[in-house]
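Following: one structure in C-alpha cells, then a few remarks.
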Amino acid sequence: MRSADVLATRLFAAGCRYAFGMPGGEVLTIVDALETAGIRFILIKHENAAGFMAEGVYHRTGAPGILVATLGPGVANAVNVIANADQDRVPLIFLTGCVDDDEAHTYTHQVFDHRAILEPITRATFTLSAQSADIIADKAVNLAITARPGPVHIDVPISVADMPVKSTGEILRAPQSATAPAPGPDLDEARQWLGTAKKPIMIIGVDVLSEGSSDTAKEFARKYRIPVLTTYKAKGVLPEDDVLALGGVGLSPVAERELLPFVEEADLIICAGYDPIEMRTGWRNAWDAKKQNVIDITTAPNTHYMHQASLSFVCNIAAGLNAISEGVAPSSTWDTGRFDDVRSRLNQAYRVDEDWGPAAIVKTVRAAMPKDAVATVDSGAHRILLSQVWQCYEPHGLLQSTGLCTMGCALPLAMGAKIASPDTSVVAFSGDAGLLMCLGELATVAELKLPITIIVFVDASLSLIEVKQRGRQLKNAGVDFGEVDFAATGNALGGNGITVTSRQELMSALDHAASADNFTLIGCIIDRQAYDGRL
Ligand SMILES: Cc1ncc(C[n+]2csc(CCOP(=O)(O)OP(=O)(O)O)c2C)c(N)n1
C-alpha cells in the first residue's frame, strides 16, 4: 500500500463514498487511491463548489465530505468553502498536494504555506507522513466529526503519497460525546424549573443535528408542549406543520418582531444545541438570564458571549434533554391558539398570498414538491424570505450557509444532495448574482445527469445589499447588473431552461422538471425591490 491508499481506505471506513475536486499533477496519486478504495472522485469546475457538493453529501449520509485540491491556486480557490465548513459546522476533509519539504527550499513556483492560511479556519491541519498516515487519517476523521464538527486539512507531499507503507494499525475512533450532565444541584434545579414552567420555550440549533439528537428534541418538545423556535439550520427538527413549531429565526427582523416577545414572556428558555453563529445581532442577549430561567444544553462551552444562561450543561444534546426530563411531568399552559395567530400575522407580513413575487414562488414550489424534498438556498434577500416561508418536515430539509452566509452555495449543495440520494427530489433556490458565481457547475450537473430543479429569482439586482443601500439613503451604486437569460443559459449548458412570470407558468415548468432526465433551470422574473417590507 502507498500512504495515499492508507488515507483513502480509512476515509472509506468512515463512510465516505464521494470526493469532489479539481486535480493537478500533485494530487494524482490521491485521486487514484481514493478511486481504488471505493471513493468516487467527481471532477468539478471550481474548488469552492466542490466543497459545497461534499457538504451536500454529508447532509444525506452523515459521513464527512471530501474535497481535493491541488497546491497553490487549488487551495486558494477553496478557502471560502473551508471557512464555510468552519462556521457552518460541516465535517469536511480537505486533501491537498504540496511540494516535498526538500524541494520547497529552492522552488517557489505556486508554492505558499497552505497550512498557515488554513490554520485559523480548520479544526486541524496536518502534513501527511507516510508511516503515520493511518493515525493522521483517523485523527482527521475524529476531529472533523466530533463536536462541533468542522473542516480538517491534510497536506500530502508529492513523494509521500507514493511511499509504501509496511503495515497499518487498527482504526482508532474517539468515543462520541455520549456524555450526560453530571447529577447534582444544577440538574435538580433544571428538573424543578421544567416541572413548574407555565410558559417554557425551546430554541433548537444546529448542534442537535450534528449530535444525532433531533428525534429526542422533537419528542421532548411534544411531551412538554413547548413551542419551538429553530435556527435556519435546525428547521424541520420539529415538523413545521406541528402546532408547536413557531418557525425558523436568525436573520429576519420581521420574524423577530413577532417571535421575540414569546422569548421575553417565557418563564423557561431551553436552548438545545443552539449555536448562535447563525444569528444576527437582534439575538445578542435576547433574554436576561438573571430574570428568566435559561437552560443551555450545548456541545461546547459558551465562549461566544452572544447570550448567557442560568444553567449550562456541556454534553450530548439528547443526553442533556433526557437528563433534565427524568421523572418530570409537563406543566406548560400555553394557549396554542396564540401560535396560530402569530403564524397568520407572519404570513401576512411575508405576503404569501401575493399573485406573483418571491413568496408566491416559494409557496408554489413547496406545494409542488414532496414533503421529504431537499431544498437548498443561496445568500441574499430571497434566502431570508424563503427561510421564513419554506416549510421543512424533516431535519436537513433546507441546506444553506448560515454561519458564513456565502453566496454561490445553493447549486453545489443541491448537487451533492442529489448525488448521495438520487431518489430524493432536490430543488435549489438562488438569487441571480449567486447563481452567476457558480454557473460553470451547471455543466457538471448536465454531465452527471442530475435531474434537479433550480429556481432563480431574476431581478438583476443584489437585492439584499440594494435594500440596505437605499435604507441608508446612499446613491444607487454597485448593486444592479444586467438581466441574464437563464433559460438560454440552462439550455446552452446541457439542461432545460424555462422563463416564468406567473404562478401558472411556474407550475407547468415544475411539472416539466419533475419528469426531466437532467436539470431544469427556471428563471423567475420578479420586480426589483420586491422584498421591501418583508425581510
Ligand atoms: C461571496 C459573497 N460575496 C458577497 C456577499 C454579500 N452579499 C450578501 S447577499 C448579496 C446579494 C446577493 O444577490 P442575489 O444573489 O441576486 O440575491 P438577492 O439578494 O437579490 O436575493 C451579497 C452581495 C456574500 N454574502 N457572499
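Quantities reported herein were computed from a predicted structural model and do not represent experimental measurements. Every number for a ligand or one of its atoms is a count from 1 in the order of the listing. Numbers for residues simply follow the sequence, beginning at 1.
Against a heavy-atom cut-off of under 4.0 Å, Ala433 is close to the following atoms of ligand 1: 13 (O), 14 (P), 15 (O), 16 (O). Ligand 1 places these atoms under 4.0 Å from at least one heavy atom of Ser461: 16 (O), 20 (O). Near Asp459, with a cut-off below 4.0 Å to any heavy atom, the atoms of ligand 1 are 20 (O). For ligand 1, the atoms sitting less than 4.0 Å from at least one non-hydrogen atom of Ser463 are 18 (P), 19 (O), 20 (O), numbered in the order shown with element in parentheses. Near Gly380, meaning under 4.0 Å from any of its heavy atoms, are these atoms of ligand 1: 9 (S), 19 (O), 21 (O).
Shortest contact from atom 21 (O) of ligand 1 to any protein heavy atom: His382 ND1, 2.8 Å. For atom 16 (O) of ligand 1, the closest non-hydrogen atom on the protein side is Asp432 OD1, 2.8 Å. Nearest to atom 11 (C) of ligand 1 among the protein's heavy atoms is Leu462 CB, 3.7 Å. The shortest contact between atom 1 (C) of ligand 1 and any protein heavy atom is with Thr406 OG1, 3.5 Å. In terms of protein heavy-atom proximity, atom 3 (N) of ligand 1 is closest to Met407 SD, 3.7 Å. Annotation: atom 19 (O) of ligand 1 to nearest protein heavy atom, Ala381 N, 2.9 Å. In terms of protein heavy atoms, atom 8 (C) of ligand 1 is closest to Ile465 CD1, 3.9 Å.
If you check the side chains of Glu256 and Trp283, you find a donor sitting under 3.5 Å from an acceptor. For the 3.5 Å distance criterion, the side chains of Ser421 and Arg60 qualify, holding a donor opposite an acceptor. In this model, a donor atom of one side chain and an acceptor atom of the other lie less than 3.5 Å apart for Glu26 and Thr70. Between the side chains of Gln400 and Arg383, at least one donor N or O sits under 3.5 Å from an acceptor N or O. Side chains of His382 and Ser463: a donor-acceptor N/O pair is absent below 3.5 angstrom, by distance only. Judged purely by distance below 3.5 Å, without hydrogens or angles, the side chains of Glu447 and Thr444 never pair a donor atom with an acceptor atom.
Ligand 1 has no atom lying under 4.0 Å from any heavy atom of Glu466.
Proximity of Arg383 to ligand 1, defined as any heavy-atom pair under 4.0 Å, is not found for any part of the residue. Neither the backbone nor the side chain of Asp378 comes within 4.0 Å of ligand 1, counting heavy atoms alone.
The salt bridge (charged side-chain N to carboxylate O under 4.0 Å, His left out) test applied to Arg503 returns no partner, not counting sequence neighbours.
One finds a salt bridge joining Arg345 and Glu258 here, because a Lys/Arg side-chain nitrogen approaches an Asp/Glu carboxylate oxygen to under 4.0 Å.
His307 and Tyr274 have parallel rings, their planes meeting at less than 30° on a 0 to 90° scale where 60° marks the start of perpendicular.
Pairs passing the side chain to side chain donor-acceptor pair (under 3.5 Å) check and including a residue from residues 403-417, sequence neighbours excluded, read Asn80-Thr406.
Of the listed options Gly434, Cys405, Ser430, Gly434 places a heavy atom closest to atom 15 (O) of ligand 1.
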